[in-house]
Amino acid sequence: VTNRIDCDVAITGGAIAGMKLACELIDSGLSVVVIEPNREIPPLRRGDLLAPCTVKSLDSVGALPNLLKRGAVPLRQWRVYGPELETLIHVWITETTPEPFNYCLALPHPLLQAALRETALAGDNIQLLAGMRTTGLLRDGDGMVTGLTAAGAEGEVEVRAKVVCGADGAQSAVRGWLGIETAIETYPYNYLMLTCERSPDQPADQQTEYWGRDGFCGLFPITPDWVRCPVQAFPGEMKRWREIGFAELHREMTTRYPIFEKMVLTEDGVHPYNILKHHAARYVADGALLLGDAVHCTPPYYGMGMTMAMRDAHHAARVVRGLLDAGERPVAGALAAYEAACRPYNEFVITASWQYGQVAASHPKSHAEVEARMAHATALDPDVMGVIYADYDAPPPTLTPTEASTRLKAA
Ligand SMILES: Cc1cc2nc3c(=O)[nH]c(=O)nc-3n(C[C@H](O)[C@H](O)[C@H](O)COP(=O)(O)OP(=O)(O)OC[C@H]3O[C@@H](n4cnc5c(N)ncnc54)[C@H](O)[C@@H]3O)c2cc1C
């Protein structure tokens, strides 16, 4: 070990969950160290949409101006076309939550991460160790986590901390070192992420989805001119799409979803994303906690993964600050208040998103078929959206998504 840093809070992972936690701790009086292997923010093509409650939370930590100056665009409506290209659902996002934060905000994911990083690093108490990877946890004789070790090209460092926070994504190493179990489920398909020039036929403030015989396709504006398009890929399709070239891929997309005719595909490669679902057995341990994808992943149909991560960060910061300000030891029992504030909400979102995916990704062949499936799912139910878009400090839901849905309760 060549170096030692003493701090209050050590965060492993400086993406959405980790940097939002750092933003929440600005001006807390606590010293915070973030460890992140990527010096430059990677060009990820997933996670571009923020729910209204998250826009509000980003405003409260001072990050919103940094998103807006990077060109974040508001999305006010959500429209779904069915297998016969009929409008199946049209929801005004503006009616699901109170003003002024009654819209979704979209920005290419790397710019979102950059905005959070800029906000966090403006805090004098936040230090980023970029280019370093956490390599293990430090513990005292009772097994309580007391810090972590990290390594990078410049050497190794021992970071002593009162609380260690694992925000290191779905394959979390911190989760493994803490011995917290989870069962990661995958789906029998994944997604091709295309980035395209928006068609003039698509409103610039509308999230658009197609649920049809060829599977799910979304068109999500991420700038005034560009849309991110997840296209459901069945086994073998991704390989074929890589081989046929962009002109042929464009023809194929246009056959499936005619709106592609007036869209220009950027030729930046064929990027597959796996869809994961998991919810870990525990969020906390003695001296440590997990947040974001490290502790849960949701199917992305409501676009809520980052909201869950940032909502976790909000509650983790509140509980950690309370304990450390009071001079209390952050043992698992004391950190349990954080898990209590987050687990019911996250479980609700995961279940609702999974039900949504049951319809959206089922490649229905007719209007009647999709209607029949919707009778058993919460897809874009305004009652359910009201719960998932609720203010971060609203009480966690006590109902399941089915119980929260007037339509499904009636059925
Ligand atoms: C196809 C798709 C579409 C999606 N769309 C949306 C959407 O529209 N809206 C939305 O809200 N969510 C969406 N999501 C989900 C969202 O992208 C994630 O939930 C969110 O970005 C997770 O953030 P995170 O910080 O928890 O994890 P990650 O983004 O995985 O970040 C983990 C960080 O930890 C770092 N790390 C890993 N190992 C170590 C280590 N040993 N030491 C230090 N650091 C380490 C990594 O470098 C990385 O920076 C989507 C997901 C998918 C797959």
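Here the structure is a predicted model, which is why all the values come from computation and not from measurement. Start at 1 and go down the list; that is how both ligands and their atoms are numbered.
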Give yes if a backbone or side-chain nitrogen or oxygen of [X] is under 3.5 Å from a nitrogen or oxygen of ligand 1, and no if not.
| X | answer |
| --- | --- |
| G303 | yes |
| L49 | yes |
| L44 | no |

Which atoms of ligand 1 sit under 4.0 Å from any heavy atom of [X]?
| X | value |
| --- | --- |
| M304 | 10 (C), 11 (O) |
| M306 | 9 (N), 10 (C), 11 (O), 12 (N), 16 (C), 19 (O), 20 (C), 21 (O) |
| T134 | 40 (C), 41 (N), 42 (N), 43 (C) |
| H109 | 21 (O) |
| T12 | 40 (C), 42 (N), 43 (C), 44 (N) |
| I16 | 21 (O), 23 (O), 25 (O) |
| G169 | 27 (O), 30 (O), 32 (C) |
| N274 | 53 (C) |

Counting only heavy atoms, tell me which of R46, M308, Q113 gets closest to atom 28 (P) of ligand 1.
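Answer by nearest heavy atom: R46.
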Considering G47, C297, P300 one by one, which has a heavy atom nearer to atom 13 (C) of ligand 1 than any of the others?
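Looking at heavy atoms only, the winner is G47.
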Pairs meeting criterion salt bridge (charged side-chain N to carboxylate O under 4.0 Å, His left out) with involvement of residues 336-345, two or more places apart:
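Every pair satisfying salt bridge (charged side-chain N to carboxylate O under 4.0 Å, His left out) with a residue in residues 336-345: E339-R343.
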Considering non-hydrogen atoms of the protein only, which is the closest contact for atom 19 (O) of ligand 1, and what is the distance?
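The protein heavy atom lying closest is D293 OD1, 2.7 Å.
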Give a yes or no on whether [X] atom [atom1] has more than 12 heavy-atom contacts from other residues, nucleotides or ligands under 6.0 Å away.
| X | atom1 | result |
| --- | --- | --- |
| E86 | CD | yes |
| E261 | CD | no |
| K239 | NZ | no |

Ligand 1 versus [X], non-hydrogen atoms closer than 4.0 Å: side chain, backbone, both, neither?
| X | value |
| --- | --- |
| D48 | backbone |
| Q171 | neither |
| P230 | neither |

Is the ring pair [X]/[Y] parallel, tilted or perpendicular, if the boundaries are 30 and 60 degrees?
| X | Y | answer |
| --- | --- | --- |
| Y191 | F216 | perpendicular |
| H279 | H296 | perpendicular |
| Y189 | F234 | perpendicular |

For R282 and V295, work out which heavy atoms get closest and say how close.
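Reported closest heavy-atom pair: O-CG2, 4.0 Å.
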Nearest heavy-atom neighbours spanning L25 and N125:
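For L25 versus N125, the nearest heavy atoms are O-ND2, 2.9 Å.
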Hey, does the Lys NZ or Arg CZ of R318 hover above the aromatic six-ring of Y338, less than 6.0 Å from the centre and inside 45° of the axis?
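No, a cation-pi geometry is absent between R318 and Y338.
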